[in-house]
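Have a look at the structure below, then the notes.
Computed over heavy atoms, backbone and side chain alike; hydrogens, waters and symmetry mates excluded. We count ligands from 1, going down the list as the structure has it; atoms in each ligand are counted the same way.
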Amino acid sequence: MVTGGGESGGSQMPWWCRPRWHAPARAEVVVVVGFLFAMALGALVFGGGGAGSLPASFSSPRTEFVPKPVLTESRLHADAGEAGSDAMPTPASQHDQDRLLGGLLSSAVDEQSCRSRFELASYRRPSPFRPSPYLVDRLRRYEALHQRCGPSSPLFNDSVEHLRSGRNAARSECQYVVWTPFNGLGNRMLSLGSTFLYALLTDRVLLMHTPPELQGLFCEPFPGSSWTLPADFPITDFAGTFTMLSPTSYKNMRLAGNVSAETLPAYVFLDLIQSYTDAAFCEADQRVLAKFNWMVLKSDVYFAAMFFLMTAYERELARLFPEKEAVFHHVARYLFSPSDDVWDIVTGFYEAYLARADDRVGLQLRVFPEFPVPFENMYGLIVRCSEQYEGLLPEVAQNDSARSVGNHSSSTVAASGTGKKKVTSILVTSLLSDYYERIRGVYFTSTTATGEYVEVHQPSHDREQHTEARAHNQRALAEMYLLSFCDRIVTTAVSTFGYVAHGLAAVRPWVLLRPPSPDARADPACVRSETAEPCLQAPPRRLCGAAEGSDLGALAPHVRHCEDVYRGLKLSN
Ligand code: GDP
């Protein structure tokens with residue numbers, strides 16, 4: 001979302017994220033023994049919201065979409081309505097113990113260059129999804145292309161010369177898509193992941209315009225090369241050059257009717273921010289765009305979902321991603337490895353506060369400045385959600401006599417396989433500290449029905465979004481990863497920050513729904529998502545070949561509407 005102004009994140013580095021871990025000097029994060037909300041009600045079972053739409057079909061001269069099959073019980077996850085058990089498909093063997101994530105990561109990467117790449121496997125939950133052999137092969141071929149055409153290669157230097165000349169060269173061996181960031185980190189990661197998928201589908205080389213606030217966040221993903229634009233790249237003023245009015249924007253070229261001209265400009269700007277996704281996803285658009293050797297792409301949405309509605313990519317996508325629920329999961333785990341600095345934050349916090357827990361619950365609480373849900377209303381969503389889904393959060397004892405009762409109760413839940421009491425850690429992430437304070441207070445003053453220990457932790461509370469500040473973004477990235485290590489993840493509707501966390505984890509989140517207005521009551525308070533995929537919040541208003549008014553969420557078997565943004569689209573198995 002839109003950046004705040006002013007203050008630098010660098011000075012705000014909290015006590016817990018100093019590069020080398022030391023025991024905390026003050027108890028900002030309190031380990032709380034106790035029990036939670038009065039949740040006497042049984043869990044309400046939700047079918048999962050989402051599509052709910054009747055199957056529909058349409059045809060066009062080039063495209064034949066099959067009706068979306070109605071989901072049957074057996075295709076739904078076993079526990080669509082319960083929190084206790086994991087709703088994901090049966091985990092695949094031990095593949096995720098493999099440090100290279102089932103071949104997703106190249107073995108050619110130097111271990112010293114990026115510690116998280118090799119250490120992540122021992123912190124993450126095992127992935128339920130194995131990358132297809134075809135995806136693994138395509139990634140290795142992509143890496144070879146990137147080495148051949150990437151910065152400082154002779155082919156790159158030639159291509160840059162053409163760019164300087166101002167004219168698009170006849171099709172060259174190397175074509176590029178230069179991603180430029182827009183909006184908050186979650187938006188950025190969704191659009192960067194989508195751009196990488198686009199590069200794979202169109203044989204382009206992905207390069208990244210990296211302003212200072214993005215530097216030092218991620219490791220280089222491609223062995224033997226870089227995805228960062230070199231300092232002497234001829235385009236420097238990205239913010240000023242690439243606006244909605246830019247004459248090189250494909251949308252504006254199309255409006256002006258000059259995209260079929262013999263002499264194309266040296267690059268095309270593909271503007272896919274929120275409401276501008278209309279121009280790009282027709283096959284005719286893609287044929288024109290393919291002529292440009294240089295493309296600059298700016299987006300803040302998960303536009304990857306749109307490729308699954310295009311016949312041209314259908315076969316390739318089916319081979320790359322037999323499991324549609326794992327598209328972002330694989331792309332993000334391949335592309336994004338936290339830098340050593342961010343990894344220090346992640347591991348320092350994890351080892352200190354989360355490692356000893358038997359059960360970890362992530363609570364991502366986002367209050368959007370443009371939709372300021374008051375504290376009590378938002379807090380009420382958490383309480384009602386935990387009533388709806390029994391076991392989502394540890395239950396507070398109804399008849400709470402004393403903290404010690406819970407601690408010594410004979411009915412205490414033991415951590416599996418040990419004689420010890422179960423410890424549940426609740427990780428709260430939010431720009432505000434109020435939710436953490438309240439939840440911590442509840443567990444501090446109450447006992448849990450099961451007698452388990454509950455700890456409540458919040459890594460940071462920066463109060464405002466400061467996307468322009470590197471250290472702030474490092475904390476945000478660290479928290480996305482910490483959330484992704486949790487067994488259950490509760491996210492806030494519409495937040496791309498949350499999408500990234502559950503997508504990385506391949507965990508289907510419980511989504512706290514947005515009320516009709518900030519003060520109104522959301523009913524239900526939350527739903528369990530039927531997929532771990534992020535939502536494309538702003539799909540095009542219509543699709544080429546589809547009849548006017550067609551429901552895009554009903555056009556293809558693996559595309560459905562989102563629980564939190566009805567017009568939005570998401571992929572599911
Ligand atoms: P969205 O606005 O919720 O869709 O997510 P974005 O990630 O695109 O933008 C929100 C930005 O606000 C984040 O990138 C962070 O900079 C900041 N932010 C929001 N919530 C949190 C949080 O829980 N923890 C931290 N550290 N930063 C947050």
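Between Asn252 and Ser246, the shortest heavy-atom distance links the atoms ND2-O, 2.8 Å.
Looking at Ser430 and His461, their side chains never come closer than 4.5 Å, going by heavy atoms from C-beta outward. The side-chain heavy atoms of Leu309 and Leu569, taken from C-beta on, include a pair separated by under 4.5 Å. Residues Arg488 and Arg528 form no side-chain contact, since every pair of their non-hydrogen atoms from C-beta on lies 4.5 Å or further apart.
With ring centers used as reference points, Tyr334 lies under 6.0 Å from Phe196.
Residue-ligand proximity, Asn187 to ligand 1, at heavy-atom distances under 4.0 Å covers atoms 4 (O), 6 (P), 8 (O). Within ligand 1, the atoms closer than 4.0 Å to a non-hydrogen atom of Ser460 are 26 (N), numbered from 1 in the order shown. Each of the following atoms of ligand 1 lies closer than 4.0 Å to a heavy atom of Thr429: 23 (O).
Residue contacts with ligand 1 include Leu431, since one of its heavy atoms falls under 4.0 Å from the ligand. Within the structure, ligand 1 has Phe368 among the residues with a heavy atom less than 4.0 angstrom away.
Remark: among candidates Glu479, Glu370, Arg366, the nearest residue to atom 26 (N) of ligand 1 is Glu479, based on non-hydrogen atoms. Looking at Glu468, Gln465, His472, it is His472 that brings a heavy atom closest to atom 16 (O) of ligand 1.
With salt bridges taken as basic N to acidic carboxylate O contacts below 4.0 Å, one links Arg440 and Glu437.
For the pair Thr467 and ligand 1, the shortest N or O to N or O distance does not fall below 3.5 Å. Considering backbone and side-chain N/O atoms, Gly186 comes within less than 3.5 Å of an N/O atom of ligand 1.
Looking at Ala476 against ligand 1, both its backbone and its side chain come within 4.0 Å, counting heavy atoms.
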side-chain hydrogen bond (donor to acceptor under 3.5 Å, both in side chains) between Thr491 and His502, worked out: CA-CA 8 Å; Thr491 57; His502 66 69; 5.0 Å; no
